[in-house]
Each structure stands twice: as C-alpha cells, then as structure tokens.
Amino acid sequence: MREYLLTLCITAAVTYLLTGPVRKFAIVAGAMPEIRARDVHREPTPRLGGIAMFFGLCAGLLVADHLTNLSEVFEKSNEPRALLSGAALIWLIGVLDDKFEIDALIKLGGQMIAAGVMVVQGLTILWIPLPGVGTVALTQWQGTLLTVALVVITINAVNFVDGLDGLAAGMVCIAAAAFFMYAYRIWYSYGIEAAAPASLFAAILMGMCLGFLPHNMHPARIFMGDSGSMLIGLVLAAGAISVTGQVDPDVMKLFSGSERNTVHQMVPVYIPLLMPLTIIAIPAADLILAIVRRTWRGQSPFAADRGHLHHRLLEIGHSHSRAVLIMYFWSALIAFGALAYSVNSASMWIVLGVVALSAVGLVLLLLPRFTPRAPRWAERFVPPRYRRRGAVAVEAEPVPAVGADEERVPVAAGVSGVNGATAVGPRSRAR
C-alpha cells in the first residue's frame with residue numbers, strides 16, 4: 001500500500017507542478033478558443049491541461065517501475081506498456097483537437113485505434129463471468145470488439161461530462177478511488193497478482209486528477225481539454241479491462257458450500273461486470289441522453305448543445321460550485337455503493353443506506369425549488385434571499401432616472417442573474 005501511495009503522490013506532484021507552465025504555454029500557443037454558446041465560463045480560458053496530466057502519468061509509471069513490489073507488475077505483465085502506448089496516441093489526438101478543433105469522426109477513429117493498440121499489446125478482455133453460466137471464454141474477435149467498445153464508451157462519457165470547472169477530474173477521481181479499493185482487495189485478499197496492474201492504474205489516475213484539480217476548480221485557470229478528458233477516460237477504461245478480462249474467477253475458489261452461499265460469495269466475481277458501468281454511470285447516462293436528444297431533433301449525435309446534466313442543474317438554480325458538488329455526490333454514491341455491496345452482499349443495511357442517501361440526493365437536486373424563509377424576528381440576521389417577500393427589496397443608493405417617468409425597480413432575490421445560475425448569468429434555454 002505504501003508504494004501505491006508513493007506513486008499516487010509523485011503523479012499528483014508532477015501534474016500539479018507542470019500545470020502552471022503548461023498554462024503559460026497554452027496562452028502563447030493560442031490554445032484559448034473563443035467562448036461558445038454552450039460554454040458556461042465568461043472569459044477565454046487556456047486548454048491543453050492534458051499535457052501536464054500525461055507527464056504525470058509517465059512519472060507515475062516510471063516511479064512504479066523502480067519500486068520493489070510494483071516493479072513485478074512490469075516484469076510479469078505487458079499491460080503498463082500497452083496503457084502508455086494507447087495513452088500517448090489518444091493524448092496526441094487530444095492536443096491537436098485542443099489547438100485546431102479536428103473533426104469528431106477523426107477523433108472517434110483515433111479512439112478506436114488507441115484501443116486497438118492496447119489490444120495488440122495484450123490489454124484485452126479474455127473472458128467474462130456470467131451469473132448462472134460461469135466463466136465464458138471469448139474469441140479473439142469478440143474480446144477485441146468488447147474491449148474497443150468499452151474504451152470508446154468510457155472516453156466519450158468522460159468527455160461529455162467535462163462541462164464545468166473541476167467536474168470531470170473530480171468525478172473520475174472518485175471513480176478511481178472506488179475502483180482502486182476494489183482491485184486492491186482482489187489482489188490483497190485473494191492473492192491474485194493479475195489484479196495488481198488495475199490497482200496501479202487506479203492509483204496513477206487518482207494522482208493525475210488530484211494534481212490537476214487545484215488549477216481547475218471554479219473559477220478555473222486552465223481546462224484539461226480533450227487532451228485531458230480523453231486521456232483519463234482511457235486510463236479508467238484500461239483499469240476496468242484489466243481486472244475484468246484478465247482475472248480468472250476460478251482462481252478465487254468461491255464455488256463451495258450451499259447454493260445460496262455460493263451466490264453471495266460470487267458477488268465479487270460479478271462486480272467487475274458492473275463496476276465499469278457504475279463508475280461512469282453518470283457520464284454514461286449523460287452520453288445516452290445527449291445522443292437521444294440530438295437525434296430526436298434531427299441533429300448529429302456529435303453536435304454540441306446545452307442540454308447536459310450539469311447545464312440542467314445550472315438552469316434550475318444551482319450555483320456552479322453546488323452543481324459540481326451534487327454531481328460528486330451521485331458519483332460517489334453509485335461507485336462506493338457498488339463497492340460496499342461487493343464486500344457484503346447479504347447486508348440489508350447497505351441497501352438501506354444507499355436508499356437513504358439517494359433520498360438526500362433528490363432533496364439536494366430540488367433545493368433551489370424550495371427556498372426556505374426565515375421567521376420575521378430572524379430576518380435581519382439572514383441574507384435577503386431568505387427573507388419574506390416584503391423584505392426582499394435590495395437596499396441601494398438612489399440612481400438618477402434615465403427618463404422623466406422612469407424610476408429604479410428593486411430586483412427580487414431568486415431571479416436568474418442574482419441568486420440563480422450565478423455562474424453564467426441570465427440565458428435562454430438551448431433550442
């Protein structure tokens with residue numbers, strides 16, 4: 001565990017220290033596109049943050065290769081080299097897109113090629129465990145298609161959710177933390193060394209995100225761009241493929257006892273099928289909804305709009321920071337809920353806890369719709385937005401009228417541009 005922690009800290013430090021110089025380079029290189037209709041920031045912000053994240057990935061792999069225990073991962077498996085090859089290719093495509101805005105179909109082709117590069121070097125799904133069937137071996141073509149599909153879906157899901165400051169990096173960091181705990185448990189508790197690469201990938205991914213987040217929190221000084229979002233999406237997919245398709249469920253020796261006990265004991269085997277879905281559940285749902293919404297309007301699935309989940313949170317009145325925290329909450333609930341269920345699937349308290357936290361999440365989502373009002377005796381101690389309607393007017397110095405019959409009209413709290421959607425101000429819904 002100490003070597004994983006050291007690798008994480010080195011990756012985070014390198015990413016954090018390089019992000020500042022990369023920001024200056026992005027400004028000089030002109031990687032500051034004009035603000036688009038779907039953007040929520042007000043000032044042009046440099047991209048290319050993925051450059052610092054890629055060098056953080058390289059530093060993490062280099063350090064791990066020189067550590068006593070983690071060096072065995074490089075000796076016994078070719079997966080770290082496969083990850084680095086695919087990451088370098090997808091990162092290069094992302095850098096070109098951040099600078100020159102390449103076509104979406106070209107990016108899709110590059111994602112498939114990067115996934116194919118990893119497959120050629122051995123990072124692929126060899127078998128999948130199915131409930132009631134057991135371990136099913138896949139042919140070469142089946143494994144390749146399933147691997148490429150998982151990589152492409154994960155990359156685009158993370159790319160789609162990268163719409164608010166700190167959102168993609170924070171959500172992926174939460175997912176990587178849950179995935180690290182799962183993979184490390186498989187490696188440490190069951191003694192399965194094939195899960196070690198997935199643990200390493202998750203630790204490095206956490207370091208990349210943690211090192212970049214201080215520069216990317218609202219108001220962001222730099223964006224990761226496609227060079228960063230596609231990179232962390234590929235690393236996340238690589239960890240899921242490693243632990244899903246490389247760890248043989250038969251090695252866990254869980255097929256013992258009564259049928260009911262065997263079903264409960266086999267939950268850790270089935271979780272790899274669900275874990276890649278749970279850790280990207282929110283981005284994947286956003287991806288599916290975006291495709292359906294755009295095709296329903298007769299648009300291309302790759303056309304940009306302002307209908308993503310984070311845009312909806314801003315429109316109903318959440319501030320920028322609150323919308324990001326709500327997305328963090330749901331990501332953590334889904335990922336760690338699945339992790340807890342894999343540890344003890346027979347516990348009803350886990351299910352009840354997830355249900356209770358889901359209710360809390362729904363309340364947080366609807367919070368702007370129900371603005372609390374303080375009692376009259378406490379109105380002088382609370383902000384104007386929590387006072388009753390008679391005391392809502394904003395006190396200000398008189399302003400000379402423009403016309404003879406014009407006078408200053410006080411603005412009520414809760415109106416868009418004052419207390420609602422403070423990140424972007426008044427705006428109309430995308431059509």
Side-chain angles (χ1 to χ4, degrees), residues 77-94 103-161 172 175 179 182-183 194-195 197-198 201-202 205 226 229-250 269-281 283-292 295 300-302 338:
S77 174
N78 198 42
E79 293 182 13
R81 299 176 185 85
L83 170 65
L84 184 58
S85 301
L89 179 58
I90 202 70
W91 169 74
L92 180 59
I93 296 173
D103 187 73
L105 291 178
I106 297 178
K107 288 194 295 183
L108 180 62
Q111 295 166 9
M112 298 176 68
I113 294 175
V117 168
M118 294 194 299
V119 170
V120 171
Q121 299 187 58
L123 186 56
T124 183
I125 298 177
L126 302 178
W127 49 68
I128 55 174
L130 297 178
V133 178
T135 304
V136 177
L138 302 177
T139 64
Q140 182 178 357
W141 280 107
Q142 291 173 340
T144 300
L145 292 177
L146 187 58
T147 302
V148 172
L150 182 59
V151 171
V152 171
I153 291 174
T154 307
I155 288 176
N156 286 281
V158 175
N159 192 22
F160 268 55
V161 82
V172 172
F179 198 81
Y182 169 79
F201 296 165
L205 182 57
D226 281 6
S229 62
M230 293 198 300
L231 175 64
I232 61 177
L234 182 134
V235 178
L236 184 62
I241 292 169
S242 177
V243 77
T244 302
Q246 302 291 332
V247 176
D248 189 354
D250 294 335
V269 178
Y270 300 143
I271 286 297
L273 295 175
L274 303 177
M275 204 60 163
L277 300 179
T278 58
I279 57 183
I280 61 168
D286 195 13
L287 172 63
I288 295 173
L289 291 175
I291 293 176
V292 172
T295 53
S300 168
F302 302 100

Output all residues satisfying side chain to side chain contact (heavy atoms under 4.5 Å, CB included) with [X], sequence neighbours left out; order by chain, then residue number.
X: I106; answer: I102, D103
X: L146; answer: I125, I128, L138
X: V119; answer: T124, T144, T147

Inter-residue atom distance M112.CE - I155.CD1, 0.5 Å rounding: 11.0 Å
From L92 atom CG to L231 atom CG, the distance as rounded to the nearest 0.5 Å: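 Spacing of CG (L92) from CG (L231) equals 12.0 Å.
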I93, V158, N156 screened by side-chain contact (heavy atoms from CB on, under 4.5 Å) with M230, the one that passes: I93
List the atom pairs, with distances to 0.1 Å, where a side-chain N or O of residues 83-90 and a protein N or O form a donor-acceptor pair under 3.5 Å, not counting sequence neighbours.
{"from": "S85", "atom 1": "OG", "to": "R81", "atom 2": "O", "distance (Å)": "2.9"}
{"from": "S85", "atom 1": "OG", "to": "Q121", "atom 2": "NE2", "distance (Å)": "3.0"}

Which atoms form the tightest heavy-atom contact between [X] and [Y], and what is the distance?
X: A198; Y: F179; answer: CB-CE2, 4.1 Å
X: S242; Y: E79; answer: OG-OE1, 2.6 Å
X: A82; Y: M118; answer: O-CG, 3.3 Å

Report all side-chain donor-acceptor pairs from residues 232-239 shorter than 3.5 Å, counting only partners two or more places apart or in another chain.
none

Any V243 side-chain heavy atom under 4.5 Å of Y182 side chain: yes
